[in-house]
Amino acid sequence: MDIQDQLKQDIQQAISTLYGTTIDEVTLQPTKKEFEGLYTFVTFPLTKALRKPPHVIGQEIGAWLQENSPVVSVFNAVQGFLNLSIDDAVWLNVLNSILGNPTFGTLPKKDESVMVEFSSPNTNKPLHLGHLRNNFLGDSVSRILEANGYDVVKACLVNDRGIHICKSMLAYQKFSNGETPESAGMKGDHFIGKYYVLFDKAYKAEIEQLVAGGMDKEVAEKKAPLMQEAQEMLRKWEQGDDATVSLWKQMNEWVFAGFDETYRKIGVSFDKTYYESNTYLLGKDVVEEGLEKGVFYRKDDNSVWIDLTSEGLDQKLVLRSDGTSVYMTQDLGTTDIKFQDFGTNRMVWVVGNEQDYHFNVLFAILKRLGRSYAPGCYHLSYGMVDLPSGKMKSREGTVVDADDLIREVTNAASEAAEQAAKSRYDDMSESQRDALFRMIGLGALKYYLLKVDPQKRMMFNPAESVDVHGHTGPFIQYTHTRTKSVEAKAIQNGLLTGELTRIAIPERVQLHELEQQLIYLLSQYPQRIADAGAAYAPSQLAQFAYDLAKTYNQFYAEVSILQEPDVQKAQIRLAISQAVGQTIRKVMSLLGIEVPDKM
RNA sequence: GCAUUCGUAGCUCAAUUGGAUAGAGCACCUGACUACGGAUCAGGAGGUUUGGGGUUCGAAUCCCUACGAGUGCACCA
């Protein structure tokens, strides 16, 4: 049994034996490091029922546990805190159960599936920093849910229709002289983005002219010939006009080629891609259904609404008076399709927090419609990424392009390597080195974006994002290479055969405090995965990886592994070292971050 | 205006969901064995958790209030 479960059971037993009562749930917390022990039980809540001071209760339960619990070795009670130390032999058994279990940390299959929708790019411009936070979050959450035992479907909904793409198309028609990404030597998505910017420029010039001629600005924005043409193009596209559709297809092909390249670089993939060009008409049948069920109502002008004031929301339009759909209509339809396609009772949307209201409304509607999957819907809402110079605004050109950023972090990793230990890379080929530096650079970037609580708005500081010291991805990657290096030396010395294997437990052991601490941390891994899954929070695992790496480095500095004369001790330390390395690799992979063996 | 999220060291973030003297990293200062990899480790300095009130054994966390910041409030997506 898990130590923690054992302890909880024993504490419950102690309370019932000593006081003839029980408590609902025993909760344990890690002991603060200035006190002895690793688990702490808080006795304050018991004082009222037992009419005893908290430290007395602690003393009594502690003494009982020391006597009767198979795992507790020593205790101390300070105020209302009962701190428990665990027997070293028990720790070694825990270590052995970790070593003997290659899938340690992966939770049992749940026979339940979940769809995670993320990324959702627009086809009129390349990906930027904000998309990266979205992609990394979505990818990592998918991996975490999978480790929690779910079947995961990673889905991407591409916003490939609408006025924005017509703007790029129109600009291309007018200004391109038939150039292609190949002839321009550009990545397809950047190529399309260039025309989107060109449209915006020309459009603004038109507005300015109209305003100078005395027109009201708002009117000018609508009346500008370019906007009129773009609207016309959208109409043609919706009517299936051949020329328009084939231009649209051509431009899509280019932009997707660009996206694919970026996705490949950042190691993100999808099981299913939905295109709004296929789904934008969906949802009208849902509106019909809702009208029949009396969930929606029709106004005199024929528009359809839902009244959500009882949920603290507003009245919301779900179908226009001319019978065409709005965003909500489409989303209702798409959600049904997703459920039909995969039968996932849980669905997660990774979408920025500016859409909080939209999702509140969507989920409320799904609930009223009685959708079976409604309770399993979750909006993983994440905050915006700010720059030191302020907000990112695409119109003002203050966006950080994803491809540029990836290049920069890779270069920074290469520079850090130059400074740190140039000679280490002598026996690597150039392509090996490139791959390594990209792994480190991306590790830095992903970790930087994932370590922050998703819901919080965050500041992106370029200098910090490429840092390799301190609380960073490369620090953790480095720690992994340390464990690998120790392992390799141990194999050379004949101390190890290579595989992770159980160790013989000596009769008498005295573990170092940091050894206990490390095994304790390792034993927490499954729980951490469960917590991170329940909270949809990769940041929790990022913190865990850091704790593990930091503690290992302390251990490494304070305790000799290979130079320990006592072979049994050395083997215990090696086993811990291997288990830490292995676990770091696993945790990082749940963040979508690879770790090298050498760096 | 209404709704909603947030405010923690100079800066960027934590705080096991109400627990002990609020912890890390960066930046700054001081140290580390002729060493298992120094992309490391040890130490120092840095806090009235935006202000005020309340709830209780106990509050960064819950409630009220003021101030400050973000976002949303289209028959756009």
Side-chain angles (χ1 to χ4, degrees), chain A residues 27-35 40 42 44-45 47-48 53-54 78-81 83 122 159 161-164 276 280 299 301-305 312-314 317-328 330-331 352-358 360 381 383-384 386 388 391 413 416-417 419-421 424 440 448 451-453 455-461 463-465 467-472 474-475 477-479 481-490 493 524 527-528 531 535 539-540 543 546-547 550 553-564 570 573-574 577 598-599:
Chain A
T27 51
L28 293 170
Q29 48 188 300
T31 304
K32 289 227 152 205
K33 65 178 174 199
E34 51 281 25
F35 298 97
T40 293
V42 182
F44 285 112
T47 51
K48 248 187 198 150
V78 184
Q79 300 168 49
F81 301 92
N83 304 320
N122 285 346
N159 186 357
R161 69 160 284 281
I163 192 70
H164 61 275
E276 279 196 23
Y280 79 105
K299 283 192 180 172
D301 66 357
N302 224 26
S303 57
V304 180
W305 296 72
L313 302 165
D314 302 306
L317 178 89
V318 292
L319 199 68
R320 292 195 191 102
S321 51
D322 63 4
T324 56
S325 13
V326 290
Y327 181 33
M328 187 59 72
Q330 201 182 121
D331 245 11
N353 63 9
E354 66 272 14
Q355 292 200 37
D356 284 353
Y357 184 75
H358 171 78
N360 281 337
S381 159
M384 205 173 274
D386 283 323
K391 263 180 75 169
Q419 280 185 9
R424 231 179 265 158
I440 298 170
Y448 183 81
K451 74 175 174 185
V452 181
D453 182 346
Q455 320 228 1
K456 288 196 178 161
R457 188 188 178 87
M458 72 176 286
M459 176 65 73
F460 182 85
N461 183 324
E464 280 177 24
S465 72
D467 200 354
V468 301
H469 305 283
H471 190 180
T472 68
F475 168 85
Q477 288 172 320
Y478 174 78
T479 309
T481 66
R482 266 192 156 166
T483 69
K484 286 316 249 186
S485 168
V486 170
E487 181 184 78
K489 282 251 162 67
N493 300 354
Q524 294 285 76
Q527 187 59 48
R528 295 297 198 110
D531 292 346
S539 58
Q540 294 184 10
Q543 187 64 45
Y546 178 69
D547 289 344
K550 176 123 183 96
N553 281 328
Q554 285 171 20
F555 161 73
Y556 182 90
E558 245 181 78
V559 181
S560 269
I561 303 172
L562 297 175
Q563 267 147 19
E564 168 60 46
R573 288 172 193 169
L574 271 170
S577 180
K598 269 172 97 171
M599 66 187 272

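Proteins get letters first, then strands, A, B, ... in listed order; numbering begins at 1 in each.
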Trainee: Mind checking if A/Pro54 touches a base, just sugar-phosphate, or nothing, with heavy atoms under 4.0 Å?
Mentor: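 Since no nucleic acid heavy atom lies under 4.0 Å of A/Pro54, the category is nothing.
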
Trainee: What I'd like to find out is whether the side chain of A/Phe81 reaches to under 4.5 Å of the side chain of A/Val42, using heavy atoms alone.
Mentor: yes

Trainee: For A/Tyr357 and A/Asp314, test the side chains for any donor-to-acceptor distance below 3.5 angstrom and give the result as yes or no.
Mentor: yes

Trainee: Within the structure shown, what part of the strands sits under 4.0 Å from A/Val559 by heavy-atom distance: base, sugar-phosphate, or nothing?
Mentor: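 If one applies the 4.0 Å heavy-atom cut-off, A/Val559 turns out to touch a base.
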
Trainee: Where the side chain of A/Ile440 is defined as all heavy atoms beyond and including C-beta, which of B/U12, B/G72, B/A39 is the nearest nucleotide?
Mentor: B/A39

Trainee: Please determine if a side-chain N or O atom of A/Lys48 lies less than 4.0 Å away from the OP1 or OP2 oxygen of B/C57.
Mentor: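 Indeed, a polar side-chain atom of A/Lys48 lies that close.
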
Trainee: Counting Watson-Crick and G-U wobble pairs only, both distances under 3.5 Å, name the nucleotide matched with B/G1, or none.
Mentor: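 Result: B/C73.
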
Trainee: Would you indicate what A/Phe44 reaches in the nucleic acid, counting non-hydrogen atoms under 4.0 angstrom: base, sugar-phosphate, or nothing?
Mentor: base

Trainee: Measure from the side chain of A/Ala416, starting at C-beta and using heavy atoms only, and say which of B/G38, B/A39, B/U12 lies closest.
Mentor: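 Minimum distance to the A/Ala416 side chain belongs to B/A39.
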
Trainee: Applying a 4.0 Å non-hydrogen cut-off, can you work out what A/Met599 is touching in the nucleic acid: base, sugar-phosphate, or nothing?
Mentor: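 If one applies the 4.0 Å heavy-atom cut-off, A/Met599 turns out to touch a base.
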
Trainee: Check whether more than 12 heavy atoms from other residues, nucleotides or ligands sit under 6.0 Å from atom NZ of A/Lys299, and answer yes or no.
Mentor: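 Atom NZ in A/Lys299 is crowded, with more than 12 foreign heavy atoms closer than 6.0 Å.
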
Trainee: Kindly point out which of B/A77, B/U71, B/U21 is positioned nearest to the side chain of A/Met384?
Mentor: B/U71

Trainee: Categorize A/Asn461 for me: base, sugar-phosphate, or nothing, with a 4.0 angstrom heavy-atom threshold over every strand shown.
Mentor: nothing

Trainee: Would you say a side-chain N or O of A/Lys451 is under 4.0 Å from OP1 or OP2 of B/A24?
Mentor: no

Trainee: Both distances under 3.5 Å, Watson-Crick or G-U wobble: report the partner of B/A59, or none.
Mentor: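 Looking at the geometry, B/A59 pairs with no nucleotide.
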
Trainee: Identify which nucleotide among B/A39, B/A20, B/U12 has an atom closest to any side-chain atom of A/Thr40, counting heavy atoms from C-beta outward.
Mentor: B/A20

Trainee: For a quick test of reading the model: is some side-chain N or O of A/Arg457 closer than 4.0 Å to OP1 or OP2 of B/U12?
Mentor: no

Trainee: Quickly work out the A/Met328 CE to B/A77 P distance and round it to whole Å.
Mentor: 11 Å

Trainee: Would you mind reading off the distance between A/Lys33 atom NZ and B/G23 atom P, rounded to a whole angstrom?
Mentor: 8 Å

Trainee: Cut-off 3.5 Å, no hydrogens considered: what does the side-chain donor-acceptor table look like for residues 483-490 of chain A, sequence neighbours left out?
Mentor:
from     : atom 1 : to       : atom 2 : distance (Å)
A/Thr483 : OG1    : A/His480 : O      : 2.7
A/Lys484 : NZ     : A/Glu487 : OE1    : 3.2
A/Glu487 : OE2    : A/Gln578 : NE2    : 2.7

Trainee: Suppose we define a pair by two distances each less than 3.5 Å, Watson-Crick or G-U wobble; what does B/C26 pair with here?
Mentor: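 By the stated definition (distances under 3.5 Å), B/G10 pairs with B/C26.
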
Trainee: Side chain of A/Tyr357 only, please: which of B/G72, B/A20, B/G38 is the nearest?
Mentor: B/G72

Trainee: Strictly by modelled atom types, are A/Asn353 and A/Arg457 linked by a side-chain donor-acceptor pair under 3.5 Å?
Mentor: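 No pair is found: no donor N or O on one side chain lies under 3.5 Å from an acceptor on the other.
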
Trainee: Between atom NZ in A/Lys550 and atom C1' in B/A14, what is the gap in whole Å?
Mentor: 14 Å

Trainee: Rounded to whole angstroms, how far apart are CE on A/Met459 and P on B/A14?
Mentor: 13 Å

Trainee: With a cut-off of less than 4.0 Å, is there a side-chain N or O of A/Asn553 near OP1 or OP2 of B/C41?
Mentor: yes

Trainee: What nucleic acid atoms does A/Ser321 come within less than 4.0 Å of, heavy atoms only: base, sugar-phosphate, or nothing?
Mentor: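 The residue A/Ser321 makes base contact.
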
Trainee: Should B/A39 form a Watson-Crick or G-U wobble pair with both distances under 3.5 Å, which nucleotide is its partner?
Mentor: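 Partner of B/A39: none.
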
Trainee: Donor-acceptor pair, A/Arg573 side chain versus A/Ser560 backbone, under 3.5 Å?
Mentor: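 Answer holds: yes.
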
Trainee: What is the distance, to the nearest angstrom, from the NE2 atom on A/His469 to the C1' atom on B/C13?
Mentor: 19 Å

Trainee: Would you mind telling me which residue lines up with the more 5' stretch of RNA chain B, A/Asp356 or A/Asp531, judged by nearest nucleotide?
Mentor: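 On the 5' side of the pair lies A/Asp356.
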
Trainee: Which one, B/U12, B/A39, B/A14, comes nearest to the side chain of A/Ala417?
Mentor: B/A39

Trainee: Looking at B/A20, which nucleotide sits across from it as a Watson-Crick or G-U wobble partner, both distances under 3.5 angstrom, or is there none?
Mentor: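 Its partner is none (no Watson-Crick or G-U wobble pair with both distances under 3.5 Å).
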
Trainee: Using atom CZ of A/Arg528 as one end and atom P of B/U16 as the other, report the distance to the nearest whole Å.
Mentor: 11 Å

Trainee: Side chains of A/Asp322 and A/Asn302: closer than 4.5 Å at any heavy-atom pair?
Mentor: no

Trainee: Is there aromatic stacking of A/Tyr546 on B/A24 here, judged by a ring-centre distance under 5.5 Å and a plane angle under 30°?
Mentor: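 Not stacked by the 5.5 Å and 30° rule.
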
Trainee: Just checking A/Val326: base, sugar-phosphate only, or nothing, at a heavy-atom cut-off of under 4.0 Å?
Mentor: sugar-phosphate

Trainee: Just name whichever nucleotide pairs with B/U48, Watson-Crick or G-U, keeping both distances under 3.5 Å, else none.
Mentor: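 Its partner: none found.
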
Trainee: For the side chain of A/Lys456, starting at C-beta, report the closest nucleotide among B/A24, B/U17, B/C6.
Mentor: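 The listed nucleotide nearest to A/Lys456's side chain is B/C6.
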
Trainee: Just call it for A/Ser465: base, sugar-phosphate, or nothing, with non-hydrogen atoms closer than 4.0 Å on any strand.
Mentor: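 The answer is nothing, as A/Ser465 stays clear of every strand by at least 4.0 Å.
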
Trainee: Could you check B/U40 for me: syn (within 90° of 0) or anti?
Mentor: anti

Trainee: With a 3.5 Å cut-off and just heavy-atom distances, do the side chain of A/Asn83 and the base of B/A20 make a donor-acceptor pair?
Mentor: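 Side chain to base: pair found, below 3.5 Å.
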
Trainee: Taking OP1 and OP2 of B/A39, is either one under 4.0 Å from a side-chain nitrogen or oxygen of A/Lys598?
Mentor: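 No.
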
Trainee: Which base sits across from B/C33 as a Watson-Crick or G-U pair, both distances under 3.5 Å?
Mentor: none

Trainee: Students often get this wrong, so: under 4.0 angstrom with heavy atoms, is A/Gln330 touching a base, only sugar-phosphate, or nothing?
Mentor: sugar-phosphate

Trainee: From B/A39, B/A14, B/G38, pick the nucleotide closest to the side chain of A/Arg482?
Mentor: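 Out of B/A39, B/A14, B/G38, the nucleotide with an atom closest to A/Arg482's side chain is B/G38.
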
Trainee: Choose from B/C13, B/A20, B/U40 the nucleotide whose nearest atom is closest to any side-chain atom of A/Tyr478.
Mentor: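 Of the options given, the side chain of A/Tyr478 lies nearest B/U40.
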
Trainee: Under 3.5 Å, side chain of A/Lys451 to main-chain N/O of A/Tyr546, donor-acceptor pair present?
Mentor: no

Trainee: Kindly indicate, with the supporting measurements, whether the criterion side chain to side chain donor-acceptor pair (under 3.5 Å) is fulfilled by A/Tyr448 and A/Asp467.
Mentor: CA-CA 9 Å; A/Tyr448 183 81; A/Asp467 200 354; over 6 Å; no

Trainee: Measure from the side chain of A/Pro30, starting at C-beta and using heavy atoms only, and say which of B/G25, B/A20, B/U16 lies closest.
Mentor: B/U16

Trainee: So, OP1 or OP2 of B/A42: does either fall under 4.0 Å of a side-chain N or O from A/Gln554?
Mentor: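 A/Gln554 to B/A42 OP1/OP2: side-chain N or O found under 4.0 Å.
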
Trainee: Over how many whole Å does the gap from A/Lys32 atom NZ to B/G19 atom C1' extend?
Mentor: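 So the NZ-C1' distance, A/Lys32 to B/G19, works out to 9 Å.
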
Trainee: Mind calculating the distance between CG (A/Asp453) and P (B/A15) to the nearest angstrom?
Mentor: 7 Å

Trainee: Would you measure the distance from the P atom in B/G19 across to the matching atom in B/C76 and give it in whole Å?
Mentor: 48 Å

